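None of the values given here were measured: they were computed from a predicted structure. The figures that follow rest on heavy atoms only: side chains count, while hydrogens, waters and symmetry mates do not.
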Amino acid sequence: MLVSTLGMSATPDHDVLVAGAGPVGLMLAAELALAGVRVVVVERRTEPDTAPRAAGINTASAEAFERRGLLPAVKAVQGRLPFQGDRKRAPFAGHFGGIHVPAGAVDEQDPVLRGRGPHWFLAVPQAEVERILGERAAELGVEVRTGVEVCGFDADEDGVTVHLHDSDGDSDSDSTDRGGDAVRVAWLVGCDGGRSLVRRLAGFEFAGTDPLITVRQATGTVEGAELLGRGWQHTPTGVYHYGPVPGWIRTVELDGPPADREAPVTAAEMDASLRRVSGIDVRVSEVAEGGTRFTDHARQATAYRRGRVLLCGDAAHVHSPFSGQGLNLGLGDAVNLGWKLAATVRGWAPEGLLDTYTGERHPVGAGVLDWTRAQVAAMRGDTYSSALRAVVTDFLGTRDGATLYARRISGLGQRYDLGDGHPMVGALMPRLRLDDGSRPADHAHGGRALLVDLTGDDEQAAELAALAEPYAGRLELLRGSSEDAGVSGMLVRPDGFVAWASATGGTAGLEAALTRWLGGAGKG
């Protein structure tokens, strides 16, 4: 980290500067602005990134959008996509290293999944997710400076002086020349991707494994496409996938990373790769712009915070996108960090709250890295991996295996250690339908915590109201009823995770939970 020797204590121009205006940076900025934090976002790009990237969001991300009133916008995009407007149930829940997981084997009555399926992903391109979040940030008054990037910073105990310069969309992101403006902020968050300059300059350790594969994907004109298998196909030399959109090609080769990951993907390259992997006499005569390459490079910051500098999304972890985990992992980081950093800025955070960001999200990220590494192990063409793939295929075809897979890719299986008590504590709140027709998420648009009273008992309601009253402004008290709720009351953090629940109508443990997550009564 570039540490100032001046001990600067000037009044910040902004509370938080977010480096990077991708979906993760915009989600974080919107969460901060919703809580009244002065936030500025800088983005080296001058135009939206339209290259094919993540193709959808999982259930946990969709519920995060629902809690902020954005799910209708997401579903409107989904309805306009080819094959989505009249979408029938897909035969597969997804894939694990190219192994199809049958949707029909998933136990939709599993306690974690019940009421949330049968589709565990909403097909919404990443570019559309970014657009929706950009519009939301603008509505909340977030300042987004495009064509501007961080080129260095000085941090001290009171804040960070961030040095910026105009990037014109093509400047070298590794530049540390001190030109342009300097902005004083209380906190700096790197949402600047897998090659994060913020991470490098701040000195975060980035441990992990080197890449073993190259994946190429593009939309092209394929002569002889009728000879190719549909879906994921394993061969002795790799894996390929063709369709369902005509011309959509993906190849996986097991010979290490590409010599130049950033060079344009050409028809000749895709042609050679597809022929090597498939072993079939096909020809790729042209490809559209926007073809991409990626590897299985898997690394993670050992901590997500160093003083007043934090990391979020790909800046904190990189891995292959198999099973579509990357965007969703980053969005989960943003909703976890947003309310905690806002509470710290606003002065009501209980001691240690911000440190729970690393404590809760690091294990989730580590699990995703291992999930993607395991898929690469199952993709290799050697005798041992082929035997492993057969075993995994059998397991994922069972009820238990397919259900475990759905829990993982949907994001609903993630839990935080938030204490003992009701089994619901530490999990995402249930998607209840209240008797008035609303859901608890409909009452979370303001970004506050929820205290939900489902007892229908006036005495209980008065007790809960008395406990909630000192937290006005941080807590929304919701009273209603719901069949098959499984709880009589629950405290839900702003990120949607249950911090306290009762099945008996009592309030034992609630006061401690309020103090632990919302700080001292009357603050803020």
Salt bridge or not between K340 and D495? Use side-chain N to carboxylate O under 4.0 Å.
no
Using 0.5 Å steps for rounding, measure from the CE atom of M270 to the OG1 atom of T266.
9.0 Å
How close do V189 and L28 get, heavy atom to heavy atom, and via which atoms?
CG1-CD2, 3.5 Å
What is the distance from atom CZ of R305 to atom NE2 of H362, rounded to the nearest 0.5 Å?
15.5 Å
Indicate whether the side chain of N328 and that of S61 have a donor and an acceptor atom separated by less than 3.5 Å.
yes
Do the side chains of H445 and R68 get nearer than 4.5 Å, heavy atoms only?
no
Of the options R493, R361, E360, which is the one that meets Y416 in a side chain to side chain donor-acceptor pair (under 3.5 Å)?
R361
Between D333 (side chain only) and G313 (backbone N and O only), is there a donor and an acceptor less than 3.5 Å apart?
yes
If every non-hydrogen atom of A298 is compared with every non-hydrogen atom of L369, which pair is closest and at what distance?
C-CD2, 3.9 Å
With a 4.5 Å cut-off on side-chain heavy atoms, are L428 and T59 touching?
no
Hits for side-chain hydrogen bond (donor to acceptor under 3.5 Å, both in side chains) against E130, two or more places apart or cross-chain, chain-then-number order -> R45
Measure the spacing between OH of Y471 and CG of L491 and express it to the nearest 0.5 Å.
9.5 Å
Considering all heavy atoms, the nearest R415-A427 contact:
NH1-CB, 3.4 Å
To the nearest 0.5 Å, what is the distance between CZ (R516) and CH2 (W500)?
15.0 Å
First locate atom CZ of R44, then atom CG of D192, and finally report the distance between them rounded to the nearest 0.5 Å.
10.5 Å
Give a yes or no on whether a salt bridge exists between E143 and R38, defined as a side-chain N under 4.0 angstrom from a carboxylate O.
no
With R67 via side-chain hydrogen bond (donor to acceptor under 3.5 Å, both in side chains) - residues at least two apart
none
Should R373 and D370 count as an ion pair when the cut-off is N to O under 4.0 Å?
yes
I'd like to know if the side chain of D154 pairs up with that of H163 as donor and acceptor (distance under 3.5 Å, no hydrogens or angles considered).
yes
Row check, Y240 ring normal vs R250 NZ/CZ: under 6.0 Å, within 45°:
no
